[in-house]
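Here the structure is laid out as structure tokens; the discussion comes afterwards.
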Amino acid sequence: MRAAAVVVAVLLAGCGAEDASRTAPPLKDPRTDVPLGTAVRWDVLSEDKGLQEVVATAFDSVTPENEMKPEVVQPKRGEWHFDDADAIVDFATGHGLEVRGHTLVWHQQVPGWLSEEKLSARELRAVMAEHISTVMRRYRGRVKTWDVVNEPLTDEGAFRTAPGAPWLPTLGPGYVELALRDARAADPDARLFVNEIGAESGGPKLRALVKLARTLKAKGLLDGVGLESHLSAKTPPTRARLQRTIEQLAATGVDVELTELDVEGGAPPAVYGDAAAACAAVPACKRVTTWGVSDRDSWLGEDAKALPFDADLRPKPAWAALTGGLRR
Ligand code: G3I
């Protein structure tokens, strides 16, 4: 956590129900050892001065929640839309925050044209290379970490696809390596990640992820693995289990980050604290990112109460547990 004093000024008085802005309460500087990030959506952040204050002062990095995804960035072939992604990068760099780029190749949020055009392998290969190079070069030097490939595996540990996603059916499982090669060429200084959901508690998906990480690391193509960590209050991994998962990945030589932490069902402080402590216990675990700041804006809906700040932007007990756990 940055050493800057995290005293959030109360800037806005009397926010009406119609006003997207919230008043941010003062926060004590948590001074974590492990950097802490959060996902942001520009449609929300741009309208909410209180949220801007919290993000700028209490976090070290931001991940654009949707703004860098292919369907947003290249909604039509060769038509590029970077306005919202640029705005987030400008906000971040203006406040001394890092940016995690998310994401370049995924089986969801695939642009309509890419599903419809039924490209040959050769054409798709060229489209992939152009997309990755256009996006990464635009942000070279400003976005230092990229989720290059998102969620490549099934729960059973096979490679995964979805209707409309051409990567696996057209290019085969080698698409993951191809994407990483393109990313390495586009920005040799960037940290390249594969980001995966639902591998925190072990099992076939984690085993396949470890194998994939080992292979890609040996080829010099992978720097890190993201464990998304969309956890549930009912069946969270224990601290020991999550730490073992992080250690198994780190043993392949890659960095690990918890990239999308939230806890559906009330954000119990113990679950946040355990996730943070599991990361802090492993030197290769380099950052924890929450998937949003406030319950009001969570992709799971406000009722899931999954995030460390409540709908009025007040820190919940989960916040103290999270920041307290991020000490080495
Ligand atoms: O932008 C449109 C808007 O114009 C329209 O009016 C509105 C109507 O529904 O939809 C808006 O798009 C939505 C977008 O979020 C922005 O709010 C999409 O419908 C919605 O599908 C999209 O959901 C995102 C989801 O990824 C897509 O699969 C979530 O916000 C985002 O939190 C979620 O994030 C993913 C990570 O990228 C990968 N890991 C899992 C995680 C949670 O699913």
Side-chain angles (χ1 to χ4, degrees), residues 20 37-48 51 55 59 61-76 79-88 99-112 114-115 131-132 135 143 145-155 160-165 167 176 179 192-201 205-206 209 224-232 256-265 267 275 287-309 311:
T38 187
V40 294
R41 286 188 4 228
W42 186 245
D43 59 336
V44 175
L45 187 67
S46 59
E47 300 277 312
D48 189 336
L51 181 61
V55 172
F59 291 90
S61 65
V62 296
T63 305
E65 191 168 330
N66 292 301
E67 292 76 357
M68 287 182 174
K69 290 172 178 172
E71 90 173 347
V72 176
V73 164
Q74 197 182 175
K76 297 200 175 128
E79 267 186 33
W80 300 91
H81 288 261
F82 286 114
D83 290 0
D84 288 356
D86 284 354
I88 290 176
V99 182
R100 288 195 94 258
H102 175 83
T103 179
L104 296 164
V105 176
W106 191 21
H107 62 268
Q108 286 183 37
Q109 289 180 300
V110 174
L114 192 48
S115 332
H131 184 85
I132 290 175
V135 179
V143 176
T145 303
W146 281 95
D147 290 331
V148 178
V149 179
N150 207 39
E151 303 172 358
L153 299 170
T154 67
D155 288 346
R160 173 177 180 178
T161 189
W167 311 115
V176 176
L192 307 183
F193 274 61
V194 166
N195 193 42
E196 190 51 273
I197 189 168
E200 295 78 17
S201 295
K205 186 180 250 188
L206 177 63
L209 190 58
V225 171
L227 291 166
E228 291 188 8
S229 309
H230 292 292
L231 307 181
S232 129
V256 180
E257 297 189 18
L258 307 189
T259 50
E260 305 186 10
L261 177 63
D262 54 17
V263 188
E264 183 165 18
R287 168 162 47 199
V288 172
T289 297
T290 62
W291 206 238
V293 174
S294 146
D295 288 335
R296 193 189 76 179
D297 312 313
S298 168
W299 72 289
L300 292 164
E302 190 172 328
D303 290 348
K305 301 196 184 309
L307 290 169
F309 287 76

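Each ligand, and each atom within it, is numbered from 1 in the order the structure gives.
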Would you say [X]'s side chain and [Y]'s backbone share a donor-acceptor pair under 3.5 angstrom?
| X | Y | value |
| --- | --- | --- |
| Trp167 | Trp106 | yes |
| Asp147 | Val194 | no |
| Lys205 | Ile197 | yes |
| Ser61 | Val99 | no |
| Glu65 | Gly292 | no |

Right, does [atom] have protein non-hydrogen atoms nearer than 4.0 Å?
| atom | value |
| --- | --- |
| atom 11 (C) of ligand 1 | no |
| atom 34 (O) of ligand 1 | yes |
| atom 5 (C) of ligand 1 | no |
| atom 20 (C) of ligand 1 | no |
| atom 38 (C) of ligand 1 | yes |

Distance-minimising heavy-atom pair for Glu67 and Asp84: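 Taking Glu67 first and Asp84 second, the nearest heavy atoms are CG-CB, 3.6 Å.
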Shortest non-hydrogen contact between Glu200 and Glu228, atoms and distance: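 In terms of heavy atoms, the two residues are closest at OE2-N, 3.5 Å.
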How far is [atom] from the closest protein heavy atom, and which atom is that?
| atom | answer |
| --- | --- |
| atom 14 (C) of ligand 1 | Asn66 ND2, 3.8 Å |
| atom 18 (C) of ligand 1 | Gln109 NE2, 4.8 Å |
| atom 36 (C) of ligand 1 | His102 NE2, 3.4 Å |
| atom 28 (O) of ligand 1 | Gln108 OE1, 3.0 Å |
| atom 26 (O) of ligand 1 | Lys69 NZ, 3.0 Å |
| atom 31 (C) of ligand 1 | Glu65 OE2, 3.4 Å |

Against Leu261, only a single residue in Leu307, Thr289, Leu231 fulfils side-chain contact (heavy atoms from CB on, under 4.5 Å); can you say which?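 It is Leu231; the other options fail the test.
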Those residues that, when tested against Asp262, pass salt bridge (Lys or Arg N to Asp or Glu O under 4.0 Å) (two or more places apart):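 Asp262 satisfies salt bridge (Lys or Arg N to Asp or Glu O under 4.0 Å) with no other residue.
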Looking only at the side chains, is there a donor atom on one of Arg100 and Thr259 sitting less than 3.5 Å from an acceptor on the other?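 Note: Arg100 and Thr259 side chains miss the donor-acceptor criterion.
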If we only count N/O pairs under 3.5 Å, is [X] in contact with ligand 1?
| X | result |
| --- | --- |
| Trp299 | no |
| Glu228 | yes |
| Glu260 | yes |

Which ligand 1 atoms are under 4.0 Å away from a heavy-atom of Asn150?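 Those qualifying, in numeric order: 38 (C).
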